[in-house]
Amino acid sequence: MFRIVYISVLFYLVFAFASEEQIHRVEAEIISKICSAISGKHIGIKVYLTKNMKYIIKYSKIFVPVNSCENADIVVVGKEIENCRGKIMVVTRYYLLKKYDNAVAAFYWYKGRPNIIFVKEKLKKYRISLPEEFLKYVDSERNL
Amino acid sequence: MRRRERKLLWDYLPVFLVLLGILLSIYLIVPKVKTIIENSIIKNAVVPTVSKGLDNIIDIIERDASRVGLKELFKNERFREWLKDRVSIFLSDDVKYAYILYFDKNGKVRYLADFSREERARYWQSYNAVDSSIYRVIQEKKTVVIKQSDYTGLWLTLIKPIREENQVKGAFIIDFSISKLQEIQSILDRIKEFILVVSGFIILSIIVSIYQFIRYRKNLSKMYTDPLTNVYNRLFMYENLDLLKKYHYTTFIADIDFFKRINDTYGHDTGDAVLREVANRLKSCVREGEDIIIRYGGEEFLIFVRSNPSSEDYRLNVIQLASRLKNEVSRSVINYNGIKIKVTISIGVAVCRDNIDIEQAIKMADMALYRAKQNGRNRVEIYDKGLEMNDKNISIIKEAVDNNNVICWYQPIINLRTGKILKYESLVRIISKDGKLIYPHQFLNAIRRTYVHVDLTKKVIEYNVNVLRNNPRMRISMNLSALDIYNDDILDYMDFLIDKDISKRLTIELLESEDIEDYEFFKEKISRIREIGCSIAIDDFGTGYSNFTHIVELNPDYLKIDGSIIKDIDINPRSIAIVKAIKHFADELGIKVIAEYIHSEYILRKVLETGIIYGQGYFLKEPLPLKKRKIA
């Protein structure tokens, strides 16, 4: 009996962690693509991450983590943040996209799927032109 | 190495492996089974039930959209509310999200309506999912079912096209929750867990059985090996008779000459070293894995050599091997702790072209060995028909024993000073079927170490006890070999048969023999005889190598000086010296001395000169059957 319980718990943990790891991997991949599209760089993107987004570094090879917003090319924000005004932001909560003027793009989970959105006006403000593949995710600020 | 009787877990290993194979196959098939079950549920249960209801709604949407356009139709909030009511009929716990999307001409996707219970999107909200599979509906223009990835928390997505002017402009999306899949998964996981547990148990059993087998092999090897010489012991032979019967083996018995002397002179450590070295030298002459060496007795080695009896050179090869064994042992002196000992062996070989009974082969080799020893030791004797003629066949003896044709003759032991008879030595005889008398030297060696010998000894005991019972004033001295003394069966029989009245008139004569391997153990057995009440005499004392310490420990009542010393006491001054020394030694310990083989008056006089009181011999009285003897 103990053996069955032990195996069940083991299985649950293995699958639970496997699933979370997969989600993190997907997120890191998509955020990397977004940041690459925004910065136009394919490698060595200096990124400042809020604490809850640190795992992105583990799964992405194109980021160079920095300790302050000032030194960063892009700020990836997973929760509300005090400073970093004026720096291009990629947020992982939909409401943060509305909250911060410098948040040009968002990556978030909606109806079980990863979603991307770029704000047309903010892209224009920062003179960012996106590759063709991302154009379908661009929307006007007024539709947010 | 073979074993019998005990069944090990190892014996079930093939069953374990087959079972494990079946279980692992099932374990590997389980994911495929899962896919089959899942597809079956999707195809037969999930999709059809939802699909039918959706098709009706889509028909209405398409009909209305044909008038105002799809985008405009959903702008109407009342329509959306009306649609929500219609859709809600078939929404269930399994449907996580239900919504309608619109594909605009710029490639953008937007929500037209959302009937989901949670995360409900508003009209015209952009659909930004990184999920290109949604566009398949445009390409395929028909219903699409997509299995979702694990991380989405969804199971299935059903996408139904909504047409406007025959072009797919929108899609009705139903996302099914993972709960049903989890149910399937849960059942399959239990099956997998069960398989894992059973497989674990089987693997554990296999490990245990392998461990058990290794341990068993180790123990078996220990059990079958003589720890001193590292060759097999007797137990191996008894338990592996089947193996020995499987091939033709030629049987050799090698016996270290005068081994007892080595033990007594240099001690048991040296004796052990000699045994080890002899075993090693014998091993070097035979083939490992094919031939078998067994330490059969104290200094006796039994060698089974696999051979081809139909070969022309069979006999020659056997003789050559026997010579090689003998020469190898005596080739160089054995050096142990500075003691250099020249060791020789006597070998008896049973050369048989037929595959005979192992015990019979050993017996034959033993007879040949006996002859080798008789003929001066350090030699090889081959068992042959001539040998067989000299030694009466065991079966004849057995038959005589079974038919009570065992008798004893009696030769008096006389007080040489008074002429009175002290007691009678019983001497065994066998009467053959045709009435002829068979003397001990004709059969004793043939039946040595067999049950016939044990039975014969019992008959002799029984015979003498009856004689003592019928002749209350008679005293008897009866011979027993060391092998008889070791045999509890015989001692128990004596204990059973002999009462106090009999025992005080019965003396057991122990043949001073090299068969006494362990004096401590032997002493225990002698104590039992003493407890029964019998006196003890040492027979043939003075021949070979008599260990005075052992004699003192055995504390006999009589010492019988061997006839070979007495018979030339008249011509050999050494013999007189030995007899005097024995007499002096015996007097010191209060042991009575008997001189045997007094065959002339001159010998009698010489014996009397030494102070010996008791004597026996043809000159005094010859052995006769009881009926011809007047018991005083």
Stepwise side-chain contact (heavy atoms from CB on, under 4.5 Å) test for A:Tyr108 and B:Asn128: CA-CA 9 Å; A:Tyr108 57 97; B:Asn128 301 306; 3.4 Å; yes
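Counting only distance, with no hydrogens or angles, the side chain of B:Lys108 and the backbone of A:Val138 share a donor-acceptor pair below 3.5 Å. Between the side chain of A:Tyr110 and the backbone N or O of B:Ala129, no donor-acceptor pair lies under 3.5 Å.
Heavy atoms closer than 4.5 Å to chain A are found in the side chain of B:Gln148, but not in its backbone. Looking at A:Ile30, the atoms closer than 4.5 Å to chain B (heavy atoms on both sides) all sit in the side chain, from C-beta outward. For B:Arg190, no part sits under 4.5 Å from any heavy atom of chain A, backbone or side chain. Contact of B:Ser116 with chain A is made through the side chain alone, with heavy-atom distances under 4.5 Å. For B:Ser177, no part sits under 4.5 Å from any heavy atom of chain A, backbone or side chain. Within the 4.5 angstrom heavy-atom criterion, no atom of B:Asp104 approaches chain A.
Under the 4.5 Å side-chain criterion, counting only non-hydrogen atoms from C-beta, A:Trp109 is not in contact with B:Glu119.
Annotation for B:Asn44: atom CG counts as buried by contact number, over 12 foreign heavy atoms lying within 6.0 Å. Counting heavy atoms of neighbouring residues, nucleotides and ligands inside a 6.0 Å radius, atom OH of A:Tyr95 exceeds 12 of them. Residue-environment remark: CZ (B:Phe194) stays at or below the threshold of 12 foreign heavy atoms within 6.0 Å. More than 12 heavy-atom neighbours from other residues, nucleotides or ligands sit within 6.0 angstrom of CG on B:Asp85. In this structure, B:Glu165 places its CD atom where only 12 or fewer heavy-atom neighbours from other residues, nucleotides or ligands lie under 6.0 Å away. With a 6.0 Å radius and a threshold of 12 heavy atoms from other residues, nucleotides or ligands, B:Arg122 has its CZ atom above the threshold. At most 12 heavy atoms of other shown residues, nucleotides or ligands fall within 6.0 angstrom of atom NZ in A:Lys33. The neighbour count for A:Lys41 NZ, taken as heavy atoms of other residues, nucleotides or ligands under 6.0 Å away, is above 12.
The line from CZ of A:Arg113 to OH of B:Tyr97 is 8.5 Å long, rounded to the nearest 0.5 Å. A distance of 11.5 Å separates CD in A:Glu133 from OG in B:Ser132, rounded to the nearest 0.5 Å. A:Lys136 contributes atom NZ, which lies 10.5 Å from atom OH of B:Tyr127 (distance to the nearest 0.5 angstrom).
Residue pairs that meet the side chain to side chain donor-acceptor pair (under 3.5 Å) test with at least one member in residues 70-84 of chain B, sequence neighbours left out, are B:Glu72-B:Lys75.
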I'd like a table of donor-acceptor pairs (distance under 3.5 Å, sequence neighbours excluded) in which one partner is a side-chain atom from residues 47-58 of chain A, with atom names and distances.
unit_1: A:Thr50; atom_1: OG1; unit_2: A:Asn52; atom_2: OD1; d: 2.8
unit_1: A:Thr50; atom_1: OG1; unit_2: A:Gly78; atom_2: N; d: 2.9
unit_1: A:Asn52; atom_1: ND2; unit_2: A:Gly78; atom_2: O; d: 3.1
unit_1: A:Tyr55; atom_1: OH; unit_2: A:Glu27; atom_2: OE1; d: 2.1

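Annotation: maximal heavy-atom pairing with chain B below 4.5 Å, among A:Asn143, A:Ile117, A:Ile116, occurs at A:Ile116.
Contact record, A:Lys111 with B:Arg120: NZ-CA, 4.2 Å, taken as the closest heavy-atom pair.
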